[in-house]
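Remarks on the structure that follows.
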Number of protein chains: 2
Amino acid sequence: MLSDTSLHHLDISHIRSSCASCSLRELCLPVGLNEQEVQVLGDVVSSKRKVQRGGYLHRTGTKFQSLFAIRSGFLKTCVLEQDGRQQVTGFHMTGELLGLDAISTDIHTCDAIALEDSEVCEIPFAKLEEISRTIPSLMRHFHKIMSREIVRDHGVMLLLGSMKAEERLASFLLNLSRRFLMRGYSESEFNLRMTREEIGSYLGLKLETVSRAFSKLQDENIITVDNKHIQINDLARLKIKMGNSSCVT
Amino acid sequence: MLSDTSLHHLDISHIRSSCASCSLRELCLPVGLNEQEVQVLGDVVSSKRKVQRGGYLHRTGTKFQSLFAIRSGFLKTCVLEQDGRQQVTGFHMTGELLGLDAISTDIHTCDAIALEDSEVCEIPFAKLEEISRTIPSLMRHFHKIMSREIVRDHGVMLLLGSMKAEERLASFLLNLSRRFLMRGYSESEFNLRMTREEIGSYLGLKLETVSRAFSKLQDENIITVDNKHIQINDLARLKIKMGNSSCVT
DNA sequence: TATCCATTTTGATTCAGATCAATCAAAGCA
DNA sequence: TGCTTTGATTGATCTGAATCAAAATGGATA
């Protein structure tokens, strides 16, 4: 259902970075590059930037210059309408690439806000396009990342268009679980970085509904909730929750 | 709100195509290329393909080879879950590019089905990547198209996550209206190519709700509905319908 | 430590949209 | 020409989530 933008499941352990300002190893871009190519890429990834919890990485309407690769931390992206309506379009963690939406018009179409102190590498997009001409595998990889974002969004559309509250939450938790696992963390126990309201915005639900769905899953002993701390007790049953509204008793 | 994938609002009238099999002029790709570059691109756009109404352009799970640029006609794309749940992810018309989701894994992640007899140009993706290395403006443009698709999807997410039935339908109609206008057709009068059920699937509503929303807008004299034929009587009021659930009486 | 504010949980009530069902219209076909 | 199928409309009823409201919890800070 929900997938994500990074390619961390690919093996990048063989890559050594020679970039001074920013360890390329941790980025999602250098997959499959040789030593020399990584060096070229290193020159592109110009600078490291820190964003405090609550701070903006970029704002809607501002000029687009660079993509941002998350080195550490946790961010949300959200779009807002003129009438004040707001929607969280994604939660983003280490290794993922932000700013892809802005390529279209050279203007950022969403806000990116840190949900905890975060660190990103800035990747000037013009330079990235430039060198991707000489490194086909980099270009290829970049296209896959963009495409993956489209696939992810289609998954969210399916979720928003056809799932019930509890299914949406199950889907959301399983998505987080898998992404934590891919990064070497526990898949069954983690801390949420976002509020119930932010989860609700992402899932198209009100915060009270999110809270009730948490409580319901806890009552069924599928998860244990302690405020932001989540323990998944029964991954299998959580998966069942996600995908069978139509055939459940 | 809902945007689309093409770049037809850009002026491409100066472009003359020398491609035998397929008039490039109508595609979304050759924007801003010179004569010689268009010729190079022409060699890439290998073949024209017809898809009958109801026929598949591509199916979920099949190997990805090519993007498809729509020359004429109207198609829908839809994703489906193992449990049979289905969701229309988009409606696509002349000049738009299909298949972007498949770049990610080299496998199509959605079905593309013609809603009327359609014609597409097949663009082998490997070749497109190849020549985009030598034509920077083409690469640039391709990136913008992908990014635009992401922005479009975010718009749909906002719609599905926070709009009421009537607002969703208004947004949908306005989106179609604008796209018809861009292609030189009437913005106030057109025929829908899809059923109420398909509209419902796209908008996260049941077909009865779509039908009721049509009737409601008609009762208010904002549109006139005759089965698939839609006349927009008051574009301004339709726009108001779209964006003010929170502040309306 | 006490206070304040944000967040979360839970309950009661309401409502928009789903569901169930009937009717109607148009299109294809024997 | 009647028959069947598909799609659209409309009505009645039901239900899941929103809304309104209150209480509980937690974290930050003076």
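On a predicted model such as this, the values are computed, not experimentally measured, just so you know. Protein chains get the first letters and strands the later ones, always in sequence-line order, with residue 1 at the start of each.
Side-chain proximity of A:Arg196 to D:dA17, C:dT9, C:dA18: nearest is C:dT9. Here the side chain of A:Ser215 is nearest to one of C:dA18, C:dT9, C:dT19, namely C:dT9.
Distance CG (A:Leu203) to C1' (D:dA18): 16 Å, rounded to an integer number of Å. Between B:Glu166 atom CD and C:dA18 atom P there is a gap of 14 Å when expressed in whole angstrom units. Distance CE (B:Met163) to C1' (C:dG17): 17 Å, rounded to an integer number of Å. Summarising the geometry, the separation between CE on A:Met194 and P on C:dT7 is reported as 14 Å, rounded to the nearest angstrom. Residue A:Gln218 contributes atom CD, which lies 11 Å from atom C1' of C:dT9 at whole-angstrom precision. Note: CD (A:Glu197) to P (C:dT8) measures 9 Å, nearest angstrom. One can place CD of A:Glu198 at 9 Å from P of C:dT8, the figure rounded to the nearest angstrom. In this structure, B:Leu205 places its CG atom 10 Å from C1' of C:dA18, rounding to the nearest Å.
Note on B:Leu207: a base of the nucleic acid sits closer than 4.0 angstrom, heavy atoms only. Nucleic acid contact class of A:Gly204 (heavy atoms, under 4.0 Å, all strands): sugar-phosphate only. Nucleic acid contact for B:Ser211: base, since at least one base atom lies under 4.0 Å from a heavy atom of the residue. Within 4.0 Å of A:Lys216, counting heavy atoms only, lies no atom of the nucleic acid at all.
The existence of a salt bridge linking B:Glu167 and B:Lys241 is excluded, since no basic side-chain nitrogen approaches an acidic carboxylate oxygen closer than 4.0 Å. Taking the charged nitrogens against the carboxylate oxygens, A:Arg53 and A:Glu116 have no contact shorter than 4.0 Å, which rules out a salt bridge. Taking a cutoff of 4.0 Å between a charged side-chain nitrogen and a carboxylate oxygen, A:Glu96 and A:Arg183 qualify as a salt bridge.
Between the side chains of A:Glu122 and A:Ser66, at least one donor N or O lies within less than 3.5 Å of an accepting N or O. Side chains of A:Thr77 and A:Thr89: a donor on one and an acceptor on the other come within 3.5 Å.
The nearest heavy atom of DNA chain D to B:Phe214 and to A:Asn227 marks one nucleotide each, and the one closer to the 5' end goes with B:Phe214.
Stacking of B:Arg59 on the aromatic ring of B:Tyr56 is recorded, both the 6.0 Å distance cut-off and the 45° axial limit being met.
For the pair A:Met157 and B:Asp153, the minimum side-chain heavy-atom distance is below 4.5 Å.
When ring centroids are compared, B:Tyr202 and B:Phe91 come within the 6.0 Å threshold.
Between B:Lys164 and C:dG17, a side-chain N or O to OP1/OP2 separation shorter than 4.0 Å is absent. Of the side-chain N and O atoms in B:Lys206, none sit less than 4.0 angstrom from OP1 or OP2 of C:dA16.
The base of C:dG11 is paired with the side chain of A:Arg212 by a donor and an acceptor separated by under 3.5 Å. The base of C:dG17 is not paired with the side chain of B:Arg168 by any donor and acceptor separated by under 3.5 Å.
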Would you tabulate the nitrogen or oxygen pairs shorter than 3.5 Å linking the protein to nucleotides 22-24 of chain D?
none

